[in-house]
Amino acid sequence: MNQVEHLSDRVEAVQLDRRRNMELQRRERVFNDTFRTIGVDKDALDHQVKERREKEQRQANELKVYTDELLCSDRAACILEQRQKKDDHLLNEAIVQFRQQFQQPSSRREFDLNDPELLKKQEGMQILPGLGGEDLVQKDRLRKQQEQLRAWSLQQQYELERAKHGLQQEMHKYDQSSLALDTRALELQKMEEQSKRAAAITTKDFNLALAAEITHRHLQEHHEEEENNQTDILNQLNGDLLMENPEQNISVLGPSRLRRDYYKGMSPKELQQYTQYQLQQAEDRKHAVMEQQEKELQEHHERMTSARAALLLERQQARINKELRRAMDNTNTQLAQAHDAQNNHLQDVYTNIPDERYFSQFNTSSR
């Protein structure tokens, strides 16, 4: 047989799911200590979260600006450090080259005492003339040394002058390049100022033209408004309202209907009818007030009777409750004594202490 799903079964399934979801939500609320004890102000928490996010965004922006400044400073420091290293490297290369060219060991004054090729340079002389330890060529050697020193001094002066001249040329080139950069910066600044000035002039001209157009349009609108007001005033003066045409009081809905905007007041007959109608209304209102007073007096008497009966019932109920309370106290006393006796008996009989496994089976549902 085919199973047919009835509407009542579907409704019961929906209600069962709804109760199950409500039970899960209630269990989450009941077992959540924070929500159960102090509650949760979601609007305040959302506001705090929004403020914290804005603060974090502001701090992130400030950190980004600070990081960009640090990167610029580090980049400039790296460029200066590379330039300093390059200058030191060039200076060291220049010193090494100068030493290789002009400070060879053979150019020293005491090189002839430590020359390893001295014997080869003597051209076959095996024994020095004269006595042992006598220097026969001292004068020639001193003269040659002096000439050599003079030549070295002149060469060093020439090299210093050339280096100084080269340094001056480098400084001159550097000054020229700096001057060119400053001149270019000034030109760019002037071009920027000129462009800003031109943009300001263009904006000013546009604003003036716009202000003139707005002023002209306002004057034209004011003139048209004055003409319309004058025409309206003339139409009102010559209209049926101020001329008090009695034919204008009749409405298009019928002769018994009047137009409110053209109505000037009631006729003497209408005033007499209206006065009689007001007197009749006053008499009816007086009779209604008297009937209302009588009805309120009767209701007050009924309320007083009901209050007396309720007071008597309340006193009787209080006496019954007192007797029931006394009987309940006696019963509770007997139950407490029986419970104490049972606890004493259980303490004597059962000595095992329950552990966490025993307590974990409780408080698992919200009911």
Side-chain angles (χ1 to χ4, degrees), residues 59-198:
Q59 291 178 356
N61 294 332
E62 293 177 357
L63 181 61
K64 186 176 181 301
V65 173
Y66 180 69
T67 306
D68 294 338
E69 292 179 355
L70 284 181
L71 289 176
C72 292
S73 302
D74 292 340
R75 195 176 295 111
C78 291
I79 292 172
L80 292 175
E81 185 178 1
Q82 291 177 0
R83 187 178 299 174
Q84 183 68 29
K85 289 181 179 180
K86 184 177 179 182
D87 294 340
D88 295 339
H89 182 68
L90 293 175
L91 180 60
N92 293 329
E93 287 183 353
I95 292 172
V96 171
Q97 186 178 3
F98 178 77
R99 287 177 179 176
Q100 290 178 356
Q101 292 180 359
F102 305 105
Q103 292 184 353
Q104 294 294 330
S106 60
S107 62
R108 296 179 182 176
R109 183 169 54 181
E110 67 276 2
F111 179 72
D112 55 347
L113 300 177
N114 300 318
D115 189 4
E117 304 293 335
L118 179 62
L119 297 178
K120 295 180 181 181
K121 293 178 182 180
Q122 290 180 359
E123 298 178 358
M125 294 179 60
Q126 298 296 332
I127 300 175
L128 294 176
L131 299 174
E134 184 179 1
D135 191 2
L136 299 177
V137 293
Q138 181 180 5
K139 293 181 180 180
D140 295 335
R141 182 167 54 76
L142 290 176
R143 182 176 54 78
K144 290 179 181 180
Q145 287 180 356
Q146 290 177 358
E147 292 177 356
Q148 188 178 11
L149 287 174
R150 189 180 300 110
W152 286 351
S153 299
L154 294 175
Q155 184 68 24
Q156 287 180 355
Q157 291 179 2
Y158 174 73
E159 293 295 335
L160 289 174
E161 291 293 334
R162 189 171 65 179
K164 187 182 296 183
H165 182 66
L167 182 61
Q168 290 178 357
Q169 288 181 354
E170 292 291 335
M171 293 298 293
H172 182 65
K173 290 180 182 179
Y174 177 75
D175 293 338
Q176 288 181 352
S177 63
S178 299
L179 183 60
L181 291 175
D182 293 340
T183 306
R184 181 61 178 169
L186 290 174
E187 291 177 357
L188 292 175
Q189 186 176 3
K190 288 181 180 178
M191 291 173 63
E192 184 179 1
E193 291 178 355
Q194 289 177 0
S195 62
K196 289 182 179 179
R197 191 179 296 110

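Keep in mind that what you see is a predicted model, and the values were worked out from it rather than measured.
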All N/O donor-acceptor pairs, side-chain side in residues 173-180, below 3.5 Å, sequence neighbours left out:
{"unit_1": "Gln176", "atom_1": "NE2", "unit_2": "His172", "atom_2": "NE2", "d": "2.3"}
{"unit_1": "Ser177", "atom_1": "OG", "unit_2": "Lys173", "atom_2": "O", "d": "3.2"}
{"unit_1": "Ser177", "atom_1": "OG", "unit_2": "Tyr174", "atom_2": "O", "d": "2.7"}
{"unit_1": "Ser178", "atom_1": "OG", "unit_2": "Tyr174", "atom_2": "O", "d": "2.9"}

- [ ] Measure the shortest side-chain to side-chain distance between Gln189 and Leu186 over non-hydrogen atoms and say whether it is less than 4.5 angstrom.
- [x] yes
Task: Arg184: salt bridge (Lys or Arg N to Asp or Glu O under 4.0 Å) partners, not counting sequence neighbours - done: Glu187
Task: Any Arg143 side-chain heavy atom under 4.5 Å of Lys139 side chain - done: no
Show me the donor-acceptor pairs within less than 3.5 Å that the side chains of residues 94-101 make with the rest of the protein, sequence neighbours left out.
none

Open item on the list: Check this for me, if you would: do Lys190 and Glu193 make a salt bridge, where the nitrogen-to-carboxylate-oxygen distance has to be below 4.0 angstrom?
Closed with: no
- [ ] List for me each residue that meets salt bridge (Lys or Arg N to Asp or Glu O under 4.0 Å) alongside Lys64, sequence neighbours excluded, and say none if there are none.
- [x] Asp68
Open item on the list: Do His165 and Glu161 make a side-chain contact, defined as non-hydrogen atoms from C-beta onward lying under 4.5 Å apart?
Closed with: no
Run the side-chain donor-acceptor check on residues 69-86: report pairs under 3.5 Å with partners two or more places apart or on a different chain.
{"unit_1": "Ser73", "atom_1": "OG", "unit_2": "Glu69", "atom_2": "O", "d": "2.9"}
{"unit_1": "Gln84", "atom_1": "NE2", "unit_2": "Asp88", "atom_2": "OD1", "d": "3.4"}

Task: Spacing of Gln145 atom CD and Gln148 atom CD [to the nearest 0.5 Å] - done: 7.5 Å
Task: Interatomic distance, Met191 atom CE to Gln194 atom CD [nearest 0.5 angstrom] - done: 7.5 Å
Open item on the list: According to salt bridge (Lys or Arg N to Asp or Glu O under 4.0 Å), who are the partners of Glu170, at least two apart in sequence or on a separate chain?
Closed with: none
Task: Worked check of side chain to side chain contact (heavy atoms under 4.5 Å, CB included) between Lys164 and Gln168 - done: CA-CA 6 Å; Lys164 187 182 296 183; Gln168 290 178 357; 3.9 Å; yes
